[in-house]
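Residue numbers start from 1 in every chain, and the chains themselves are labelled A, B, ... in the order their sequence lines are given, proteins ahead of strands.
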Number of protein chains: 2
Amino acid sequence: MKRAATRGTRKGSFDRPQHDHARCIADALQSASMVCAAQGVRLTEQRRRVLELVWQSHRPIGAYEILDQLTDGSGRRAAPPTVYRALDFLLAHGLIHRVESRNAFIGCSHPGTEHVVEIMLCTDCGRAAEIDDQRIDRAVRAAAAEIGFRIERQTIEIDGRCGHCQARPAHA
Amino acid sequence: MKRAATRGTRKGSFDRPQHDHARCIADALQSASMVCAAQGVRLTEQRRRVLELVWQSHRPIGAYEILDQLTDGSGRRAAPPTVYRALDFLLAHGLIHRVESRNAFIGCSHPGTEHVVEIMLCTDCGRAAEIDDQRIDRAVRAAAAEIGFRIERQTIEIDGRCGHCQARPAHA
DNA sequence: AAGTGTATTGTTATACTATATCAATCAGCA
DNA sequence: TGCTGATTGATATAGTATAACAATACACTT
Ligand SMILES: [Zn+2]
Ligand SMILES: [Zn+2]
Ligand SMILES: [Zn+2]
Ligand SMILES: [Zn+2]
């Protein structure tokens, strides 16, 4: 977690397509292990495998996509509750986020810290980037305060085209 | 539409529970009629009925809830595509909004105008209020600009407790 | 008024997403 | 070891959304 600032996605932007993604995965698993230890909960093998599948790319992944890849060693496909239980655990402990507008999930880019979840989603390459912009949060809080609304959760998902994709013809 | 400013929900806040909701519905249907006329599209009876059902309360309503109430005069329940087609039409012409975090729909509080959709959702009374806060939009645009992201759509849904509900014990 | 082409609706089937329920197994501890 | 709660397995089902094609209604021309 101390190395977080050195990671591409943790800068609140989209990684270069060529970045060292193996490291993203390794870091995420490492952070998850520490977060679970700190919270006194078990990162079981199932949960670790699901987290790894979520992190296999920076694209949001659906529960059934995970399911299709989650074989039990002998090649048998798991049942839906297996994957949903793992996802629920990972959500509860802040290791992944749900992308409501896609019915899908992404790995949290700064686990173990309190933060509002703000996600940018590229409609071209399909990748997601979690940003952590205080100005958005402050603006939302101000708007809520004005009408006496007490915020419990924010769902902020911005669709558009990322910088890397804009530098190329669409869908290249 | 000229009377929009006089309507409760159009002030970007939660109506009093006792407000004249019949007028909300009537105004919404009236606005919809004008918007469709202006855009040269037909607000058919099906579409009008679905819009009316969406506006029957300020709570987001699911497609299948609409379906259950959408009888064809002789009491026969419509089929899913019927309601989804109407919803798609209403969405396409800015008469309703989809609440992604709930798989449900609400009537648009300012149809016929360009606006980003920002929704507050009360977890107590279940009602939704569409706000139109420029500060949030500006903050999102600023954050996107910084990382070279070109925004196409914003999904902003804030869960919490509305002022009316805070003035009472929970779930009263 | 009849004909023609498009938009809308009806109908059936199916895909996709998520949860309820109960049984079996596993991990940590007395 | 045996107990207890957490985790996983397995089956069934609920909830959300779309594909595909037929039938009907509408707008517009002739
Ligand atoms: Zn996060
Ligand atoms: Zn992209
Ligand atoms: Zn609106
Ligand atoms: Zn309320």
Side-chain angles (χ1 to χ4, degrees), chain A residues 32-33 36-37 39-54 59-93 95-106 126 155 157, chain B residues 32-33 36-37 39-54 59-93 95-106 126 155 157:
Chain A
S33 182
C36 288
Q39 300 191 16
V41 294
R42 294 169 50 210
L43 184 64
T44 63
E45 182 57 16
Q46 287 270 34
R47 291 164 178 171
R48 205 193 62 81
R49 287 165 71 205
V50 169
L51 181 60
E52 195 172 0
L53 288 171
V54 169
R59 294 181 183 79
I61 186 172
Y64 279 74
E65 285 178 79
I66 293 171
L67 203 45
D68 289 339
Q69 299 179 60
L70 195 68
T71 56
D72 71 350
S74 63
R76 272 174 48 76
R77 183 171 171 279
T82 298
V83 98
Y84 279 103
R85 281 191 285 233
L87 290 170
D88 286 345
F89 172 90
L90 297 169
L91 284 169
H93 296 91
L95 299 171
I96 63 173
H97 298 300
R98 182 178 161 82
V99 183
E100 299 288 353
S101 60
R102 302 271 229 268
N103 292 335
F105 304 85
I106 59 171
T155 300
E157 299 173 7
Chain B
S33 183
C36 287
Q39 300 191 15
V41 294
R42 292 170 50 209
L43 184 64
T44 63
E45 182 57 15
Q46 286 270 34
R47 292 164 177 171
R48 205 194 61 80
R49 286 165 71 203
V50 170
L51 181 59
E52 194 171 2
L53 288 170
V54 169
R59 293 181 184 80
I61 187 172
Y64 279 74
E65 284 177 80
I66 293 170
L67 203 46
D68 289 338
Q69 298 179 60
L70 194 67
T71 56
D72 71 350
S74 63
R76 273 174 47 76
R77 183 172 172 280
T82 298
V83 97
Y84 279 103
R85 282 192 283 232
L87 290 170
D88 286 345
F89 172 89
L90 297 170
L91 285 168
H93 296 91
L95 299 171
I96 63 172
H97 297 300
R98 182 179 161 83
V99 183
E100 299 289 352
S101 60
R102 302 271 228 268
N103 293 335
F105 304 85
I106 59 171
T155 299
E157 298 174 7

Item to complete: Can you tell me the distance, in whole Å, between the CG atom of Asp88(A) and the P atom of dA20(C)?
Response: 10 Å

Worksheet item: Using a cut-off of 4.0 Å on non-hydrogen atoms, how would the nucleic acid contact of Arg98(A) be classed: base, sugar-phosphate, or nothing?
Response: sugar-phosphate

Worksheet item: Between the side chain of Arg49(A) and the main-chain N/O of Leu70(A), is any donor-acceptor distance below 3.5 Å?
Response: no

Item to complete: State the CD-CD distance between Glu52(A) and Gln69(A), to the nearest 0.5 angstrom.
Response: 10.5 Å

Worksheet item: Taking CD1 from Ile61(B) and C1' from dT16(D), how many angstroms apart are they, rounded to a whole number?
Response: 14 Å

Discussion item. Would you compute the distance between atom OG1 of Thr82(B) and atom CG of Leu87(B) and round it to the nearest 0.5 angstrom?
Written reply: 11.0 Å

Discussion item. Let me spell it out: for each of Thr44(B) and Tyr64(B), pick the nucleotide of DNA chain C with the closest heavy atom. Which residue's pick is nearer the 5' end?
Written reply: Thr44(B)

Practice prompt. Whole angstrom is fine here: how far is it from CD in Glu65(A) over to P in dT17(C)?
Written response: 8 Å

Worksheet item: Quick one: Arg85(B) CZ to dT16(D) C1', roughly how many Å, whole number?
Response: 16 Å

Worksheet item: Among dA10(D), dT12(C), dA17(D), which is the nearest nucleotide to the side chain of Ala79(B)?
Response: dT12(C)

Worksheet item: Looking at dT16(D), dG10(C), dA27(C), which one has an atom nearest to any side-chain atom of Arg42(A)?
Response: dA27(C)

Practice prompt. Locate the shortest heavy-atom distance separating Tyr64(A) from Pro80(A); write the atom from each residue and the value.
Written response: OH-CG, 3.5 Å

Worksheet item: Arg47(B) has a side chain; which of dT8(D), dA18(C), dT8(C) sits nearest to it?
Response: dT8(C)

Worksheet item: Given dG9(D), is OP1 or OP2 found less than 4.0 Å from the side-chain N or O atoms of Thr82(A)?
Response: yes

Practice prompt. Take the protein atom CD of Gln39(A) and the nucleotide atom P of dA6(D), then report the distance between them rounded to whole Å.
Written response: 16 Å

Response to the item:
Among the nucleotides dA17(D), dA19(D), dT19(C), whichever has the atom closest to the side chain of Phe105(B) is dA17(D)

Item to complete: Provide, to the nearest angstrom, the distance between the CG atom belonging to Leu87(A) and the C1' atom belonging to dT7(D).
Response: 15 Å

Practice prompt. Take atom OH of Tyr84(A) and atom P of dA14(D), then tell me their distance rounded to the nearest Å.
Written response: 17 Å

Fill in: Separation of atom CZ in Arg48(A) from atom C1' in dT7(D), rounded to whole Å
17 Å

Practice prompt. Mind checking the CZ-CD spacing from Arg98(B) to Glu157(B)? Nearest 0.5 Å is all I need.
Written response: 9.0 Å

